[in-house]
Number of protein chains: 2
Amino acid sequence: MKEIESTLQNKGIRPTAMRMLIYKFMAEKNSAQGLSDLELAFTKADRTTVYRTLKTFEEKGVVHQIDDGTGVLKYALCEPGCRCDIERDLHLHFHCNACDKTICLTEHKIPHINLPDGFIAEDANLVVKGICDSCSTY
Amino acid sequence: MKEIESTLQNKGIRPTAMRMLIYKFMAEKNSAQGLSDLELAFTKADRTTVYRTLKTFEEKGVVHQIDDGTGVLKYALCEPGCRCDIERDLHLHFHCNACDKTICLTEHKIPHINLPDGFIAEDANLVVKGICDSCSTY
DNA sequence: ATTAAAATGCACTTCTGTTGCACGGCTTTT
DNA sequence: AAAAGCCGTGCAACAGAAGTGCATTTTAAT
Ligand SMILES: [Mn+2]
Ligand SMILES: [Mn+2]
Ligand SMILES: [Zn+2]
Ligand SMILES: [Zn+2]
């Protein structure tokens with residue numbers, strides 16, 4: 001818990017109790033979390049607090065936002081050493097149609113995409129849907 | 001207009017006046033349209049009618065849905081001969097950060113993605129954001 | 001202890017997508 | 001042609017998620 005505190009401080013975030021709890025919660029999960037997931041996990045806290053905590057985390061490069069196409073935004077902790085506050089890390093995201101979890105495949109970078117003349121790429125989002133390893137090994 | 005009528009009939013859709021107008025409108029646009037775009041273009045028609053028309057078109061493989069990450073779902077006509085009603089055509093979508101338009105790059109298929117062991121791909125969505133050709137040639 | 005700044009909680013709003021139900025026209029059957 | 005039924009349309013209301021304004025509490029600095 002002490003190391004969470006210093007992690008947040010290193011990122012320029014004041015380590016309140018709530019923020020450390022949310023960080024801890026997300027660190028223990030291996031899948032991306034939506035606002036309602038966190039809201040459900042911390043019934044004592046207000047939705048707005050969780051919401052603004054995520055926004056703060058995002059600004060400071062602690063988490064990155066994921067649009068997996070389900071209609072609800074997900075968040076996941078950034079890899080240690082990533083500079084998500086400067087430029088997005090273009091890795092692949094996988095959404096399991098069975099367990100409905102979304103996970104980061106940080107080792108799988110989005111391949112370079114050839115575009116028609118005149119098109120300039122600035123960002124990319126690649127989401128693969130299917131069956132995850134946990135669900136395929138029944 | 002007669003050929004729109006037969007196009008719809010060939011897809012198993014009864015060609016009402018409203019449906020033909022919506023089809024025509026989308027055929028004239030070169031970018032994907034959101035529900036509110038159509039709602040704005042056809043102020044005489046109800047939002048629900050447009051909504052259900054899009055759903056019908058989608059089921060019958062006339063249009064395909066696009067999640068470009070803006071938070072609003074877009075729709076675009078399918079290519080002639082595509083079987084979107086059976087299996088999605090996995091082409092690239094481009095969203096311009098300048099003009100805010102989203103277009104289909106139907107010639108640019110999503111490359112095959114290597115996944116870790118146990119992961120099974122069923123679908124994929126690739127959206128590239130940046131500056132489109134119209135906006136980059138000022 | 002005082003004080004200022006930042007974080008939290010509550011209420012409310014906005015936006016998008018979706019559904020229930022009733023009306024009316026078009027199509028099919030008798 | 002008349003009757004019956006299906007289907008498209010419109011109105012209203014709902015649901016879920018994201019975001020904002022403001023008062024209150026907590027935190028950190030003096
Ligand atoms: Mn990720
Ligand atoms: Mn497309
Ligand atoms: Zn799974
Ligand atoms: Zn553009």
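Residue numbering restarts at 1 for every chain, and letters A, B, ... go by the order of the sequence lines. Heavy-atom basis, side chains included; hydrogens, waters and symmetry copies ignored.
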Where does the angle between the aromatic ring planes of B:H64 and B:H93 fall among parallel (under 30°), tilted (30 to 60°) and perpendicular (over 60°)?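 Taking B:H93 first and then B:H64, their aromatic rings lie parallel (interplane angle under 30°).
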Return the value, rounded to whole Å, for the distance between atom [atom1] of [X] and atom [atom2] of [N].
{"X": "B:Q33", "N": "C:dT16", "atom1": "CD", "atom2": "P", "result": "14 Å"}
{"X": "B:Q65", "N": "C:dG17", "atom1": "CD", "atom2": "C1'", "result": "10 Å"}
{"X": "A:K44", "N": "C:dG9", "atom1": "NZ", "atom2": "P", "result": "10 Å"}
{"X": "A:D46", "N": "D:dT24", "atom1": "CG", "atom2": "C1'", "result": "13 Å"}
{"X": "B:F57", "N": "D:dG8", "atom1": "CZ", "atom2": "P", "result": "11 Å"}
{"X": "A:E5", "N": "D:dA28", "atom1": "CD", "atom2": "C1'", "result": "13 Å"}
{"X": "B:K55", "N": "C:dT16", "atom1": "NZ", "atom2": "P", "result": "15 Å"}
{"X": "B:E39", "N": "D:dT9", "atom1": "CD", "atom2": "C1'", "result": "15 Å"}

Side chain of [X] (C-beta onward), nearest among [options]:
{"X": "B:R47", "options": "D:dG10, C:dG17, D:dG8", "value": "C:dG17"}
{"X": "A:R14", "options": "C:dG17, D:dG8, D:dA28", "value": "D:dA28"}
{"X": "A:V72", "options": "C:dA6, D:dA18, C:dG9", "value": "D:dA18"}
{"X": "B:Y51", "options": "D:dG19, C:dA7, C:dT18", "value": "C:dT18"}
{"X": "A:T49", "options": "D:dA18, C:dG9, D:dA28", "value": "C:dG9"}
{"X": "B:T48", "options": "D:dA13, D:dG10, D:dA18", "value": "D:dG10"}

Applying a strict under-4.5 Å side-chain criterion to I, L, V, M, F, W and Y, I'd like to know whether [X] and [Y] cluster together.
{"X": "B:F42", "Y": "B:M26", "answer": "yes"}
{"X": "B:L126", "Y": "A:I103", "answer": "yes"}
{"X": "A:L77", "Y": "A:L90", "answer": "no"}

Apply side-chain hydrogen bond (donor to acceptor under 3.5 Å, both in side chains) to the pair A:D100 and A:H95, showing each step before the final yes or no. CA-CA 7 Å; A:D100 207 48; A:H95 177 78; 3.2 Å; yes
Salt bridge check: are A:K109 and A:D89 linked by an N-O gap of less than 4.0 Å? yes
List in numerical order all residues of residues 16-28 of chain A for which some heavy atom is under 4.0 Å away from an atom belonging to DNA chain C.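 Going residue by residue through residues 16-28 of chain A, the ones with a heavy atom under 4.0 Å of DNA chain C turn out to be A:T16, A:M18, A:R19.
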Mark yes or no for a side-chain to base donor-acceptor pair under 3.5 Å between B:R52 and C:dG20, with no hydrogen or angle criteria applied. yes
With ring pair (Phe, Tyr, Trp, His ring centres under 6.0 Å) as the criterion, how do A:F57 and A:Y75 come out once you've worked through the C-alpha distance, each side chain's angles and the decisive distance to 0.1 Å? CA-CA 10 Å; A:F57 281 5; A:Y75 297 86; 9.7 Å; no
